[in-house]
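Bear in mind the structure is a predicted one, so any value in this text is a computation, not a measurement. Scope of the values below: all heavy atoms of this structure, side chains included, with no hydrogens, waters or symmetry mates.
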Amino acid sequence: MATRRVLVFASRSAFARRFSLVPASDSGCGFQKWQNGGGIFHESASIDSTAVVEVGAVVHSESVIGANVHIGSGTVVGPSVSIAHSTIIGFNVALSNCCIGDICVIHSGVCIGQDGFGFYVDGDGNMIKKPQKLNVVIGNQVEIGANTCIDRGSWRDTVIGDNSKIDNLVQLLGGIVCFVGKLGLQVQQPLNSCSIFWASQVYNIVYLIGVFSIGDYVTMGGRVAVRDHVSIVSKVRLAATSCVTKDIKEPGDYGGFPAVPVHKWRRQVARSSRHR
């Protein structure tokens, strides 16, 4: 006869939530069919009875799925991943080594928590993979666009703070910074005292490992690049294809390679056009 087990899980917000497992027929190797949606889950996972795991989705061992979470077909929730309440996960999403907050939207094709691209050459000339052992922490009310890739950290967790909005096809390399959007709301201090980032206009951005300080309401256009160990103050806007190679200490609009105040950049472009 099927049994019912009740587990207690302490979430990031420190509130104890109760999750229930409703085992169905055993499909082998500890995986069973979830009764609400028809997906597959491991018997050691904790899934709230209101969660929907659609057909074709898989929830692996020790993962925690909160109330009213919706997981789309083809999604793989890796071992020890946690997803807080009312978050929507689209189709064919791959989650590993991550914690996702409340009321988030993760669109189809997103990959979160895989290894970043990190290698070094040792004294014998061998190419050695840099260890990638940390996690991705995603705050509350975050929206991540389709086919975005967010790597796990190698020297610190990769943190996406509350209210961040990230467009499609964005790549965030591991161990970067805390991104948080105020949007006029009061938000908690981000983890590790990182700065705040608002990404409502982000598209095709590549952040190099080591970017450590980005201020409030920073907006970046398509294919903006930021080199490692650079800080950017609040209320900065970066034009598309700009490259930030040194600290930006004054609010305003910037563009070019290297990024300079936008009026200087426009003069450079005008001079270049006249000389052609």
- Task: State plainly whether one hydrophobic cluster holds both V55 and V52, where clusters connect Ile, Leu, Val, Met, Phe, Trp and Tyr through side-chain heavy atoms under 4.5 angstrom apart.
- Result: no
Inset, instruction - May I have the step-by-step check of side-chain contact (heavy atoms from CB on, under 4.5 Å) for I40 and W34, ending in yes or no? - result: CA-CA 6 Å; I40 302 299; W34 181 244; over 6 Å; no
query: Should V93 and V142 be counted in the same cluster of Ile, Leu, Val, Met, Phe, Trp and Tyr side chains packed under 4.5 Å apart?
result: yes
In short, T87 meets G101 closest at the heavy-atom pair OG1-O, 2.7 Å
### Worked verdict on Q32 versus F41 for side-chain contact (heavy atoms from CB on, under 4.5 Å)
CA-CA 5 Å; Q32 305 172 35; F41 74 102; 3.8 Å; yes
Note to self: Whether the D151 and Q132 side chains hold a donor-acceptor pair (N or O, under 3.5 Å, no angle test) is what I'd like checked.
What the structure shows: no
What one should report as the nearest heavy-atom pair of A259 and Y254 is CB-CB, 4.4 Å
Between the CD1 atom in I106 and the CD1 atom in I144, the distance rounded to the nearest 0.5 Å is 3.5 Å
Show me the donor-acceptor pairs, under 3.5 Å and distance only, between side chains in residues 62-71 and residues at least two apart or in other chains.
unit_1 : atom_1 : unit_2 : atom_2 : d
S63    : OG     : H60    : O      : 3.3
S63    : OG     : G78    : O      : 2.5
S63    : OG     : S80    : N      : 3.4
S63    : OG     : V81    : N      : 3.4
H70    : NE2    : E54    : OE2    : 2.6

- [ ] Determine, using the 4.5 Å side-chain heavy-atom cutoff (strictly less than), whether V262 and V269 are members of one ILVMFWY cluster.
- [x] yes
Q. Does atom NZ of K129 have more than 12 heavy-atom neighbours from other groups under 6.0 Å away?
A. yes
Interatomic distance, CD1@I138 vs CD1@I112, rounded to 0.5 Å, equals 3.5 Å
In terms of heavy-atom contacts, I47 and A51 come closest through CG2-CB, 3.8 Å
Common cluster, V236/W265, ILVMFWY with side-chain heavy-atom separation under 4.5 Å: no
Heavy-atom nearest pair, V137 first then D157, reads CG2-OD2, 4.1 Å
Any side-chain heavy-atom pair of C149 and Q114 under 4.5 Å: yes
(message) Using modelled atom types and a 3.5 Å cut-off, is there a donor and acceptor pairing between side-chain atoms of R152 and backbone atoms of C98?
(response) no
Practice prompt. Please confirm whether the backbone N or O of H42 pairs with a side-chain atom of S61, one donor and one acceptor, at under 3.5 Å?
Written response: no
Query raised in the report: Under a 4.5 Å cut-off applied to non-hydrogen side-chain atoms, are T158 and I150 in contact?
Result: yes
Donor-acceptor pair, side chain of S108 and main chain of N92, under 3.5 angstrom:
no
So CD of Q268 and CZ of R271: to nearest 0.5 Å the spacing works out to 6.0 Å
- prompt: Could you walk me through whether D247 and I232 pass the side-chain contact (heavy atoms from CB on, under 4.5 Å) check?
  reply: CA-CA 6 Å; D247 293 351; I232 300 174; over 6 Å; no
request  = Dump the intermediate steps for side chain to side chain donor-acceptor pair (under 3.5 Å) on E143 and H107, then the final yes or no.
outcome  = CA-CA 8 Å; E143 183 160 347; H107 289 278; 2.7 Å; yes
Backbone N or O of I128 within a donor-acceptor pair of the N126 side chain at under 3.5 Å? no
The single option from V59, V76, V136, I100 that satisfies side-chain contact (heavy atoms from CB on, under 4.5 Å) with L95 is I100
>> Pair V110, N147 - check side-chain contact (heavy atoms from CB on, under 4.5 Å), show working.
In response: CA-CA 4 Å; V110 170; N147 294 318; over 6 Å; no
NZ of K246 to OG of S231, rounded to nearest 0.5 Å, is 12.5 Å
Rounding to 0.5 Å, atoms SG (C104) and CG (N140) come to a distance of 6.0 Å
Could you tell me if the side chain of P258 sits less than 4.5 Å from the side chain of C243, heavy atoms only?
no
On a heavy-atom basis, the closest approach of I248 and L238 is CD1-CD2, 4.0 Å
Closest non-hydrogen atoms of G255 and S242, given as atom of the first, atom of the second and distance, are CA-OG, 3.1 Å
Taken to the nearest 0.5 Å, the spacing of S234 OG from E250 CD works out to 12.0 Å
